[in-house]
Amino acid sequence: MTAGEKRFEKRFAQRMAERGAHLKGHFLLSSGLHSSDYLQCALFLAHPRDAAWAGRILARRLAPLGADLVVSPAMGGLLIGHEVAKALGVPFLFTERVEGAMTLRRFPHPGKARFLVVEDVFTTGKSTRETAEVLERDGAVWVGAGSLVDRSGNPSLLPVPWRSLWAVSFPVYDPADCPCCREGLPLVKPGSRPQP
């Protein structure tokens with residue numbers, strides 16, 4: 001990572017905190033694990049100038065991948081995906097869950113287009129991969145992915161090149177070994193994916 005990228009990460013993390021998007025408490029993640037930190041990117045993206053700024057920077061990092069369109073999973077990826085598509089000058093589509101399965105419900109399939117998947121946060125990569133599979137099934141080519149935040153800690157998270165604006169590692173705990181549970185802190189389930 002360059003010095004400029006480190007400065008940008010610090011500035012981005014500070015902006016997330018200023019917008020109240022970095023939450024502290026006791027959270028149930030969609031993976032089933034617990035954490036004392038949660039990033040509610042919607043609170044950051046609620047500010048159009050912040051969303052446009054982040055979208056332009058992420059688009060710059062993804063532009064060399066040569067995508068024809070951007071697709072995002074609803075809900076978390078909608079705003080940042082649209083901003084990245086706008087900055088790249090390409091169409092934007094989104095997938096959504098219907099009876100638990102990710103689908104391209106509102107749009108025709110784009111054919112053999114080269115596409116990016118853009119998300120708010122990478123954690124396990126599950127929603128990103130599910131979104132890509134929907135398009136790949138009928139011939140589209142997955143060329144890369146991007147997110148505001150990478151909290152995966154996994155350099156081989158995805159099978160395509162991917163970029164994030166902020167790589168951060170927060171502790172996660174198995175429910176049987178969670179210090180927040182031991183302290184009796186109330187457990188909150190944020191996010192849009194139902195708990196399995």
Side-chain angles (χ1 to χ4, degrees), residues 8-59 61-62 70-88 92-98 100 102-107 116-132 134 145-153 157-158 162-172 180 185-196:
F8 176 84
E9 272 200 347
K10 186 175 179 181
R11 184 174 166 208
F12 181 79
Q14 180 180 357
R15 186 75 60 91
M16 288 280 284
E18 288 167 357
R19 296 303 190 196
H22 183 177
L23 308 176
K24 298 280 194 175
H26 183 198
F27 303 100
L28 174 61
L29 305 178
S30 58
S31 63
L33 299 174
H34 293 196
S35 182
S36 56
D37 294 83
Y38 189 79
L39 297 172
Q40 186 61 274
C41 293
L43 296 173
F44 169 82
L45 294 167
H47 300 272
R49 284 186 181 171
D50 290 341
W53 169 66
R56 283 191 307 272
I57 301 297
L58 190 53
R61 294 181 183 183
L62 295 168
V70 171
V71 62
S72 294
M75 287 293 295
L78 290 179
L79 294 175
I80 189 59
H82 191 271
E83 289 296 336
V84 169
K86 182 169 70 173
L88 291 173
F92 172 72
L93 311 176
F94 61 86
T95 60
E96 55 195 307
R97 293 189 189 282
V98 176
M102 198 66 85
T103 63
L104 194 62
R105 183 173 154 231
R106 299 170 197 261
F107 304 96
L116 297 167
V117 178
V118 175
E119 284 257 34
D120 55 352
V121 180
F122 291 148
T123 304
T124 64
K126 181 179 179 184
S127 294
T128 303
R129 286 188 299 274
E130 288 176 324
T131 296
V134 169
S147 68
L148 291 174
V149 179
D150 169 23
R151 70 171 287 173
S152 74
L157 180 71
L158 300 171
W162 49 282
R163 310 284 182 268
S164 295
L165 298 183
W166 181 27
V168 65
S169 178
F170 298 125
V172 294
C180 299
L185 296 174
L187 184 64
V188 176
K189 168 63 177 96
S192 60
R193 189 181 320 148
Q195 186 62 33

Return the minimal non-hydrogen interatomic distance between [X] and [Y], and the atom names on each side.
X: G81; Y: V70; result: O-CG1, 3.6 Å
X: I80; Y: A51; result: CD1-O, 4.2 Å
X: C41; Y: M16; result: SG-CE, 3.8 Å
X: P73; Y: S127; result: CG-CB, 4.2 Å
X: A59; Y: L88; result: O-CD2, 3.6 Å
X: W166; Y: F12; result: CB-CD2, 3.6 Å

Worksheet item: Between W53 and F8, how do the two ring planes meet: parallel, tilted or perpendicular, split at 30° and 60°?
Response: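 Tilted.
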Discussion item. Would you call the rings of F92 and H82 parallel, tilted or perpendicular, taking 30° and 60° as the class edges?
Written reply: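 The arrangement is perpendicular - the two ring planes meet at more than 60°.
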Quick one: are [X] and [Y] in side-chain contact, heavy atoms under 4.5 Å?
X: L62; Y: V118; answer: yes
X: L148; Y: L45; answer: yes
X: V149; Y: L165; answer: no
X: F122; Y: R151; answer: no
X: L23; Y: L39; answer: no

Spacing of [X] atom [atom1] and [Y] atom [atom2] [to the nearest 0.5 Å]:
X: L58; Y: L116; atom1: CG; atom2: CG; value: 8.5 Å
X: K126; Y: M102; atom1: NZ; atom2: CE; value: 9.0 Å
X: D37; Y: S169; atom1: CG; atom2: OG; value: 9.5 Å
X: T131; Y: E119; atom1: OG1; atom2: CD; value: 6.0 Å
X: L187; Y: H34; atom1: CG; atom2: NE2; value: 4.5 Å
X: L78; Y: D120; atom1: CG; atom2: CG; value: 9.5 Å

Discussion item. Centre-to-centre under 6.0 Å for Y38 and F170, is that the case here?
Written reply: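 Centroid distance Y38-F170: not below 6.0 Å, so no.
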Discussion item. Within the 3.5 Å criterion, strictly below it, is a donor on D150 or S152 matched to an acceptor on the partner's side chain?
Written reply: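 Looking only at side-chain atoms, S152 and D150 do form a donor-acceptor pair, the distance falling under 3.5 Å.
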Please check this pair: side chain of [X] against backbone of [Y], looking for a donor-acceptor N/O pair closer than 3.5 Å.
X: H22; Y: A17; answer: no
X: R129; Y: T124; answer: yes
X: R163; Y: S147; answer: no
X: S36; Y: G25; answer: no

Worksheet item: Is R56 paired with E83 through a side-chain N to carboxylate O contact shorter than 4.0 Å?
Response: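 Here E83 does not pair with R56 in a salt bridge, since their nearest N and O are not under 4.0 Å apart.
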Practice prompt. Go through F94 and R106 one step at a time and tell me if the side chain to side chain contact (heavy atoms under 4.5 Å, CB included) criterion holds.
Written response: CA-CA 8 Å; F94 61 86; R106 299 170 197 261; 3.5 Å; yes
Fill in: Check against side chain to side chain contact (heavy atoms under 4.5 Å, CB included), L28 and V188
CA-CA 6 Å; L28 174 61; V188 176; over 6 Å; no
Practice prompt. Kindly indicate, with the supporting measurements, whether the criterion side chain to side chain contact (heavy atoms under 4.5 Å, CB included) is fulfilled by D50 and R19.
Written response: CA-CA 10 Å; D50 290 341; R19 296 303 190 196; 2.6 Å; yes
